Amino acid sequence: MARELTGAAATTVLTTWAEQQEASTAAPDAGAAVLATLLGDHPASRAALRAWLQAIPRCSGAGLHGGFAGVLAGLRLAARVDPALGPLADRTAERLAPGGGWRSREVGFADYDLVSGPAGLLAVLPEASAAREHLAALDVPGGFRIGGAAPAWARGGVVTGLAHGVAGPLAVLGPGGSPDLASWLVEHQETDELGVVSWRSRPDGPRRAVVRRQAWCYGTPGIAWALWTAGGAFADAGLRAMDTLCAAYDEEVHLNDHPLSLCHGAAGVLLIADAFARNSPVGGPLRDRLLRFLHTRLPDVLVMTDLSLLTGATGVLAALLTVEGADRDWLRLLALA
């Protein structure tokens, strides 16, 4: 019954998304392609994919969220609904694989991160050897120190989180891919007043008694998962950190910003708790709790004006469908596959 309810909600959101595209000038967000693929061969899916494909010419850059790496991910998913898209996906992969132009000093997010940089490309195109070699060769931490091409809050620092920080490259490089990055993250973990092992967005930033941003993008969930993927003692460190969050998790405290979304909110933590639960003794109760929480908030999801993957309704519904048994391959877009 829960899956049927979520599917009906997803159909409603996809239909709304497709209708809005006629007036949009934005590049295609991967959320519609993800949700359409999870729904399968359905009129709403086909209509959304047609609208999504028509928006591709508005795309620029190579990023995973907002660029052509995201288009590649969407095409590969959409080819499951329409196999005729397979050759287009292959040509896109061939053009993206060489990469290049990334800086190794005074970097910006586009030089390394998961959202806009080579970590995102590697997440959806594991054969992109240029991206892998660039990330593996970056000096730790100096090669990740932010220069002028980034928001002011990050300049001069090294960012920790999965979205824009060193945890993103760590997650996509895989077991043994960057022990120096994993060691750096373990070295900079802290325990807040709730007993949660966590990380500041940058280690030299202000310390807070309680780390409120516990999400996919920053904080314990995403970083703990990156450490888990690194394997060995680092995996144990990630498991322990996630366990402390599960024990102290409080929706009133930890869902203070975009509370439903993948990036900042419950949907992202749900997916990470689910990923841990599938691979370890940790995460199951928190997954079940957040699944119930999001189902009670479905009416709020359906009226969201943001329909994007990371911060909007398509991402929330994709998370629910996935935890309820839908295909997990799209989780590459979040470095969770």
Side-chain angles (χ1 to χ4, degrees), residues 30 62-65 69-70 72-73 76-77 93 96-100 102 104 107 109-141 143-144 158-189 199 216-218 220-242 262 268 271-280 282-283 322 327-337:
L64 180 55
H65 295 280
L72 170 60
R76 285 185 163 176
L77 291 168
L96 284 172
W102 302 302
S104 300
V107 298
F109 293 152
D111 295 308
Y112 70 88
D113 85 353
L114 186 66
V115 170
S116 57
L121 175 59
L122 189 59
V124 297
L125 192 62
E127 61 268 34
S129 57
R132 184 177 298 277
E133 290 165 6
H134 168 74
L135 292 172
L138 284 175
D139 179 51
V140 180
F144 294 91
V158 179
V159 180
T160 60
L162 188 62
H164 290 303
V166 302
L170 179 64
V172 300
L173 286 170
S178 186
D180 289 345
L181 271 183
S183 295
W184 185 87
L185 281 168
V186 171
E187 178 184 344
H188 288 93
Q189 66 185 16
W199 289 260
W216 171 81
C217 55
Y218 291 99
T220 301
I223 297 174
W225 178 255
L227 287 170
W228 171 264
T229 65
F234 302 125
D236 292 339
L239 195 67
R240 288 193 296 271
M242 188 64 184
L262 276 181
L271 285 174
I272 293 175
D274 180 56
F276 269 106
R278 290 169 183 268
N279 293 279
S280 78
V282 168
T322 301
D327 187 87
R328 300 175 61 79
D329 192 56
W330 74 272
L331 293 176
R332 295 177 184 276
L333 284 150
L334 303 176
L336 298 180

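In what follows, every heavy atom counts, from backbone to side chain, and hydrogens, waters and symmetry copies are set aside. Everything numeric in this text was worked out from a predicted model, so none of it was measured.
To the nearest 0.5 Å, the span separating CG on Leu333 from CG on Leu77 amounts to 6.5 Å. Leu331 CG to Ile272 CD1: the interatomic distance, rounded to the nearest 0.5 Å, is 10.5 Å. A distance of 10.5 Å separates CG in Leu138 from CH2 in Trp102, rounded to the nearest 0.5 Å. Atom CH2 in Trp225 sits 10.5 Å away from atom CG in Leu239 (nearest 0.5 Å). Note that the CG atom of Asp111 and the OG atom of Ser104 stand 8.0 Å from one another [nearest 0.5 Å]. The CG atom of Leu96 lies 10.5 Å from the CG atom of Leu64; values are rounded to the nearest 0.5 Å.
No side-chain donor from either of Trp228 and Ser280 sits under 3.5 Å from a side-chain acceptor of the other.
Under the 4.0 Å criterion applied to side-chain N and carboxylate O atoms, Arg278 and Asp274 are assigned as salt-bridge partners.
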Go through Val158 and His188 one step at a time and tell me if the side-chain contact (heavy atoms from CB on, under 4.5 Å) criterion holds.
CA-CA 11 Å; Val158 179; His188 288 93; over 6 Å; no
side-chain contact (heavy atoms from CB on, under 4.5 Å) between Phe109 and Val159, intermediate numbers included
CA-CA 10 Å; Phe109 293 152; Val159 180; 4.3 Å; yes
Please assess Leu181 against Phe234 for the test side-chain contact (heavy atoms from CB on, under 4.5 Å), listing each intermediate value before the final yes or no.
CA-CA 10 Å; Leu181 271 183; Phe234 302 125; over 6 Å; no
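Across all non-hydrogen atoms, the minimal contact from Leu122 to Ala128 is CD1-O, 3.7 Å. Taking all atoms of both residues into account, the shortest heavy-atom contact from Asp329 to Arg332 is OD1-NE, 3.0 Å. When every heavy atom of Pro126 is checked against every heavy atom of Arg132, the shortest pair comes out as O-NH2, 3.6 Å. The two residues Asp180 and Val140 make their nearest non-hydrogen contact at O-CG1, 3.7 Å. Across Pro141 and Trp184, no two heavy atoms sit closer than the pair CB-NE1, 3.6 Å. For the pair His164 and Val115, the tightest heavy-atom approach, listed with the atom from each and the gap, is CE1-CB, 3.8 Å.
With respect to Leu170, the side chain to side chain contact (heavy atoms under 4.5 Å, CB included) criterion is satisfied by exactly one of Ile223, Leu185, Leu114: Leu185.
Residues passing the ring-ring contact (aromatic ring centres under 6.0 Å, His included) test with His65: none are found, sequence neighbours excluded. Evaluation of the side chain to side chain contact (heavy atoms under 4.5 Å, CB included) rule for Ala171 yields Leu162, Ala226, Thr229, Ala335 as partners, not counting sequence neighbours. Qualifying ring-ring contact (aromatic ring centres under 6.0 Å, His included) partners for Tyr112, counting only residues two or more places apart in sequence or in other chains: Phe144.
Remark: the backbone N or O of Val124 is paired with a side-chain donor or acceptor of Arg76 at under 3.5 angstrom.
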